[in-house]
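Taking it in order: structure first as structure tokens, then the write-up.
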Number of protein chains: 2
Amino acid sequence: MNRVGTQKKILDAAEKLLAHNGYHATTLRAITAEAGVNVAAVNYHFGSKEALLDNVIERRIVPLNSARMEMLESVRADALTRGRRPSVRDLMHAFVAPTISFRDSGKGARNFIALVGRTLGEPPSAVQHSFFRFMEPFIKLMLGSLKEALPELSDDLLLLRFHLSVGMLVYTIRMADESDILGQTRALSDIGNKTIGKSKGGSGVGSKAPAKRPVDTANTTEKLVDEVVNFMTAGMEA
Amino acid sequence: MNRVGTQKKILDAAEKLLAHNGYHATTLRAITAEAGVNVAAVNYHFGSKEALLDNVIERRIVPLNSARMEMLESVRADALTRGRRPSVRDLMHAFVAPTISFRDSGKGARNFIALVGRTLGEPPSAVQHSFFRFMEPFIKLMLGSLKEALPELSDDLLLLRFHLSVGMLVYTIRMADESDILGQTRALSDIGNKTIGKSKGGSGVGSKAPAKRPVDTANTTEKLVDEVVNFMTAGMEA
DNA sequence: CTTTAATTCAAACATGTGTTTTAATCAACT
DNA sequence: AGTTGATTAAAACACATGTTTGAATTAAAG
């Protein structure tokens, strides 16, 4: 049993359970049971529960932000080469695509994204401040770029619209969870019932299966990105 | 000390603390200390912690939903009278306005709205199911109305866009909390710094004050509603 | 091989948390 | 005033939870 193995086991288990239950409703004993290690291991390897959360977030946010910054820089460089302002659509795409693509890269990533959504909704904490420290460069550049793209928009309105976009993305990433509101909304609605009815008739799949997916994600991470970007771009330019 | 007084005290205190800290991080002893009553009172009057949360939500959701349904029915009646489809803008307004207006009707209401946002983000629970039971009639009618307003939109896309709008509203209502992301986003950005700079020069108000408000809410609940509705309408019609 | 360092483990620690119990107090009714 | 029911309060209950401790085990170094 080596240190890298134990730490990774704990981080993976924590990611999964924290994403599903949130920080306060997840105990160290649950995490360590999931990881198959002793509860003292958390304090030995990470120091505290909060530090564990910090580590869970940090190991993922760094590569995700690299992807985001790269894409954003690419959009800006492209616009500069053409002597034009960056397009709002391209900017929102740089904002949305890395997150949703990352989310669909695996179960762990999916949990992580859900965890970020949760963490952003918590009261201020050391972890949240840490999260913002990582996000700062991207947010600065993103807002600056949006200002260039939409120069006629007041600062307050630009910020509000960006904020609404952040909210939308944060919420969209919560789709990771089967408890998600969309599934329940669909279940409540006549529209949902009709869709289920169609699937039943057409595909022979059990009537419950399609109800879990807002979009056919088997081939449409890109499609989801497009639809979210469409919505946001229209809203930013409204 | 009569029963109505004690119950109300507990409900108000719970609303406040649950909104700020979430269910799992709020203890009954904290609530009862805030309410100035004994911890046993919770179990005496409400039966359990979870039942308390249920009561906190129920006492507010019923009137809020009445307002929403009334507004939505009005939009539909108006369209019917004119022999037209309901407009997306009017529908989104009926969705957004009661919530944001209610939020700005007082500190308690503000806390309640924040609490709803939190509750929607929790794992499935009896309270969440209860919440959906209350929301069901509105959601059904809303989706049906949107279908009428946007008949060329596929069911999946309609549902996705509604879902994104729900997410946006849920997130917007989180602005109740000073820990809110927008405040921090602004603090991080150059745009934010400029705005602060302007306020300092122009109004004589301490430089910290404007940083807490995305929009001048002293006179602009209506303005915020308009901006959110603008964004959503553009997105729904994209 | 021996020694040192790292890791794991079970138990203990210090405290917390929702719930229950029971007696005292208050309120309402006759 | 006495009786009954409602309410409050403090203490106890039954566990839970993050953290610490010290011994045992494993790994690494010389």
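Below, all heavy atoms of this structure are taken into account, side chains as well, without hydrogens, waters or symmetry copies. Chain letters run A, B, ... following the sequence lines, proteins first and then strands; every chain starts at 1. Keep in mind it's a predicted model, so treat the numbers as computed, not measured.
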- Item | Base-contact (B) and sugar-phosphate-only (S) positions in nucleotides 15-22 of chain C, heavy-atom cut-off under 4.0 Å, - elsewhere | --BBBB--
- State whether Thr6(A) places a side-chain N or O below 4.0 Å from either non-bridging phosphate oxygen (OP1 or OP2) of dT7(C). no
- Query: In chain order, what residues pass the side chain to side chain contact (heavy atoms under 4.5 Å, CB included) check against Val116(A), with sequence neighbours excluded?
  - Reply: Phe112(A), Leu120(A), Phe131(A)
- Note on the structure: Separation of dA6(C) atom C1' from Gln7(A) atom CD, nearest Å, is 12 Å
- Within residues 63-72 of chain B or reaching into it, pairs that qualify as side chain to side chain donor-acceptor pair (under 3.5 Å) - sequence neighbours excluded: Asn65(B)-Arg68(B), Arg68(B)-Thr99(B)
- Note on the structure: Encoded 5' to 3' (Watson-Crick or G-U under 3.5 Å; [ ] crossing; | other strand), DNA chain D becomes ||||||||||||||||||||||||||||||
- Residues that Ala30(A) engages under side chain to side chain contact (heavy atoms under 4.5 Å, CB included), provided they are two or more places apart: Leu17(A), Thr27(A)
- Task: Compare side-chain N and O positions of His45(A) against OP1 and OP2 of dA6(C) and report whether any pair is under 4.0 Å apart.
- Result: no
- Message: List the residues meeting salt bridge (charged side-chain N to carboxylate O under 4.0 Å, His left out) with Asp12(B), not counting sequence neighbours, and say none if there are none.
- Response: Lys8(B), Arg59(B)
- Query: Residues in salt bridge (charged side-chain N to carboxylate O under 4.0 Å, His left out) with Glu34(A), at least two apart?
  - Reply: Lys16(A)
- Message: What is the distance, to the nearest angstrom, from the NZ atom on Lys9(B) to the C1' atom on dT7(D)?
- Response: 13 Å
- Item | side chain to side chain contact (heavy atoms under 4.5 Å, CB included) involving Ser101(B) - partner list, sequence neighbours excluded | Thr221(B)
- Query: Is there a side-chain contact between Met236(B) and Leu158(B), using heavy atoms and a 4.5 Å cut-off?
  - Reply: yes
- Item | Residues in ring-ring contact (aromatic ring centres under 6.0 Å, His included) contact with Phe95(B), at least two apart in sequence or another chain | Phe162(B)
- Message: Nearest whole Å is fine: how far is dT17(D) P from Leu53(A) CG?
- Response: 17 Å
